[in-house]
Each structure stands twice: as structure tokens, then as C-alpha cells.
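Structure first, then comments.
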Amino acid sequence: RGVDWALRAAPIYPVYRPDSLLDPNDPYYEYNKYDALGEGHGANPVFKLHDRDLDIENLTLFGNAFVEARFLNDLVFRSSLGLNYASSFQDEFWPKYYDPETDEGDDGGVINRANRTNGWLWENTLSYQKVLEKHSLNALVGYTSEHNKYDYLTGRKVNVPYNNEEMRTLDAALSDPETTGGYDVVNMISMLARIHYGYDNRYMITASVRRDGTSKFGPEEKWGVFPSAALS
């Protein structure tokens, strides 16, 4: 967003206020040393790059394993299982400051966010492939099952006593506590079939159909059928 603020800021205004108006011993010096732009010209983009401290930690894990068996040379059965896990933690802090020249400031605040996603995907397919002179046939049937869960938790408080590291916690902030949280679960089962026929590597026809059932569909229609066909 710094680029957006810079585009909207008037270039005739200085970034910093004159030294004569500043006291380096002021506990809020680091935040009120920036010039306040004229009304209607947006926020000082350099100040905006320093008025938020955002720390993000992300962790992502995933894995996949499969087994495959061949029958009668032309039939192949494959079963695979995939697992995934992801988490994100965000600590956000904005400072407490007051500028007597502009009579503006902020009480400061803290936001902590935690998000987590975990799930699995189980796929089973049986495929058949055959080439005979100018004819080629490829067919597949399958069954898949999928589960994903997402949950989140957010805490927010304002009015921090000071701007030092020890005060950048929810317990240190003094007022207006807010918490939100929840979760979402998505389950899906699919049955599918596909057949592809080719002649002389010139004429091809493909047809497929799948039947999906998911918790995202409405309560009256949990299943849907989706066919398709192509000729070339």
C-alpha cells in the first residue's frame, strides 16, 4: 500500500517536519517527526510504512503416497493418499503517539491472528489402455474422497501504555477487547468415468461423466452429475 499512498500524496509537502518543531526526547518523537500532509492529500506515505509492525509466520506441510498394481497387462489400479497442513500466525501492532502541532494521534493497538487448514485426499482409479492396429482405446473409472477443515481465531485490543516491545501484546493493551473465531469443514465424494477412442491418430472421440456430492451444495441437492463429450 505504500505505493498507493505515494501516488496520492502531494509532492510539494515535505516528508519530515522542521527540527525546530521537534523534541528528540519526546517519547513519541519517532511517530510525530513526519510531516502531516495537507487536508485531502492522503497520509504521509513514509509515515505509513513505519506506523505498523506486522510479523507473519507461515508453516505448510504436505505429503503423498500411492500404490499401483497391473492386471492382464492392460488394467492398472492406482490408489493414492495425500495429506496437507498449513498454519499462519500474525502479530500486528500500531503505535501510541500524539502530535501537539496537529492535535492528532492514536492510542495504539494489538491484533493477533491464527489460521489453520488441514485435510486429506484419497483417490482410487482403474484404467484400461489398448492399441490394436489403427484403433486405440483408453478408459478410466474412479472414486475420490476429500476432507478439508479451516479454523481461525482473532483477538484485538487498543490503548497500549507504551510502544516498547513488552507492550506489544494483548494483555498489555487496556481497552475495547474483541475476539472472533470459527471454522469451516468441506467434504466431497466423487465418482467418475472417462473413455477416449481414436482411429488412425486422426479421428478422436472423448466422453466423460462425474457425480459429485459435497457439503458445499444446498441441503436439498447434495449431489450433482456433470457429463461432457468432445469430437475431433
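Just so it is clear, the model here is predicted, and its values are computed rather than measured.
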Worksheet item: Is the number of heavy atoms from other residues, nucleotides or ligands under 6.0 Å of R156 CZ greater than 12?
Response: yes
Worksheet item: Would a distance-only check, ignoring hydrogens and angles, find a side-chain to backbone donor-acceptor pair under 3.5 Å from S190 to T144?
Response: no
Discussion item. With no hydrogens and no angle check, just 3.5 Å: does a side-chain donor-acceptor pair link N58 and S88?
Written reply: yes
Fill in: Point-to-point distance, once rounded to the nearest 0.5 Å, from CG of D91 to CG of N112
4.5 Å
Worksheet item: Would a hydrophobic clustering, with Ile, Leu, Val, Met, Phe, Trp and Tyr connected at side-chain separations under 4.5 Å, put L81 with F77?
Response: no
Worksheet entry | Heavy-atom neighbours of E68 CD exceed 12 at 6.0 Å | yes
Item to complete: Decide side chain to side chain contact (heavy atoms under 4.5 Å, CB included) for I56 and L54; before the verdict, give the C-alpha distance in whole Å, the side-chain angles of both, and the deciding distance to 0.1 Å.
Response: CA-CA 7 Å; I56 303 176; L54 180 61; 3.8 Å; yes
Practice prompt. Flag yes if more than 12 heavy atoms outside N201 fall under 6.0 Å of its CG atom; otherwise flag no.
Written response: no
Worksheet entry | Salt-bridge criterion met for E92 and R113 (N-O under 4.0 Å) | yes
Worksheet item: So, R168 side chain and N163 main chain: donor-acceptor pair closer than 3.5 Å or not?
Response: yes
Discussion item. With heavy-atom distances below 4.5 Å as the criterion, would you say the side chains of L174 and P161 are in contact?
Written reply: yes
Fill in: Interatomic spacing from CD in E123 to CD in E146 - rounded to 0.5 Å
8.5 Å
Worksheet item: Can any side-chain N or O of K130 pair as donor or acceptor with the backbone N or O of L137 at less than 3.5 Å?
Response: no
Fill in: Nearest-0.5 Å distance that lies between atom CG in N118 and atom CG in N148
8.0 Å
Worksheet item: Could you walk me through whether D55 and F93 pass the side chain to side chain contact (heavy atoms under 4.5 Å, CB included) check?
Response: CA-CA 9 Å; D55 182 37; F93 171 81; over 6 Å; no
Worksheet item: Is there a side chain to side chain contact (heavy atoms under 4.5 Å, CB included) between S215 and F217 once you walk through the steps?
Response: CA-CA 5 Å; S215 56; F217 288 166; over 6 Å; no
Item to complete: Side-chain contact test, heavy atoms from C-beta onward, threshold under 4.5 Å: evaluate it for L121 versus N64 and give yes or no.
Response: no
Worksheet item: Are side-chain heavy atoms of K216 and V186 found at a separation under 4.5 Å?
Response: yes
Item to complete: Report the distance from atom CZ of R70 to atom CZ of R78, rounding to the nearest 0.5 Å.
Response: 12.0 Å
Practice prompt. Check whether any side-chain heavy atom of T179 sits under 4.5 Å from a side-chain heavy atom of T154, and report yes or no.
Written response: no
Worksheet entry | Quiz item: cation-pi between K96 and Y162, 6.0 Å / 45° | no
Worksheet item: How close do S175 and N159 get, heavy atom to heavy atom, and via which atoms?
Response: OG-CB, 3.3 Å
Worksheet item: Is any side-chain N of the basic residue among D212 and K222 closer than 4.0 Å to the acidic one's carboxylate O?
Response: no
Worksheet entry | Residue pair M191 / W223, side-chain heavy-atom distance below 4.5 Å | yes
Worksheet item: In Å, rounded to the nearest 0.5 Å, how long is the span from NE2 of H147 to CG of N84?
Response: 9.5 Å
Practice prompt. Kindly assign one of parallel, tilted or perpendicular to the pair Y143 and W122, based on the angle between their ring planes and the thresholds 30° and 60°.
Written response: perpendicular
Practice prompt. Determine the minimum heavy-atom distance between S80 and F66, stating which atoms define it.
Written response: CB-CB, 3.6 Å
Response to the item:
dist R194:CZ -> S228:OG (nearest 0.5 Å) comes out at 9.5 Å
Worksheet item: Does NZ or CZ of R116 come closer than 6.0 Å to the centre of the six-membered ring of Y85, within 45° of the ring's axis?
Response: no
Worksheet item: So, for A173 and V158, which heavy atoms are closest and what is the spacing to 0.1 Å?
Response: CB-O, 3.6 Å
Discussion item. When you group the ILVMFWY residues by side-chain heavy-atom contacts below 4.5 Å and let the links chain together, are F226 and V209 in the same group?
Written reply: no
Worksheet entry | Check against side chain to side chain contact (heavy atoms under 4.5 Å, CB included), Y197 and H135 | CA-CA 7 Å; Y197 169 75; H135 304 274; 2.6 Å; yes
Discussion item. In this structure, would M204 and Y199 fall into the same cluster of hydrophobic residues linked by side-chain contacts under 4.5 Å?
Written reply: no
Practice prompt. Treat each ILVMFWY residue as a node, draw an edge where side-chain heavy atoms are under 4.5 Å apart, and state whether V141 and L192 are in one component.
Written response: no
Worksheet item: Considering all heavy atoms of both residues, which atom of N124 and which atom of S79 are nearest to each other, and what is their separation?
Response: OD1-OG, 2.7 Å
Worksheet item: Just checking, is any N or O donor in the side chain of Y128 or N138 under 3.5 Å from an acceptor N or O on the other one?
Response: no
Discussion item. Do N115 and T117 have side chains that approach each other closer than 4.5 Å (heavy atoms only, starting at C-beta)?
Written reply: no
Worksheet item: Between Y183 and Y152, is there a shared hydrophobic cluster once you connect ILVMFWY residues whose side-chain heavy atoms come closer than 4.5 Å?
Response: no
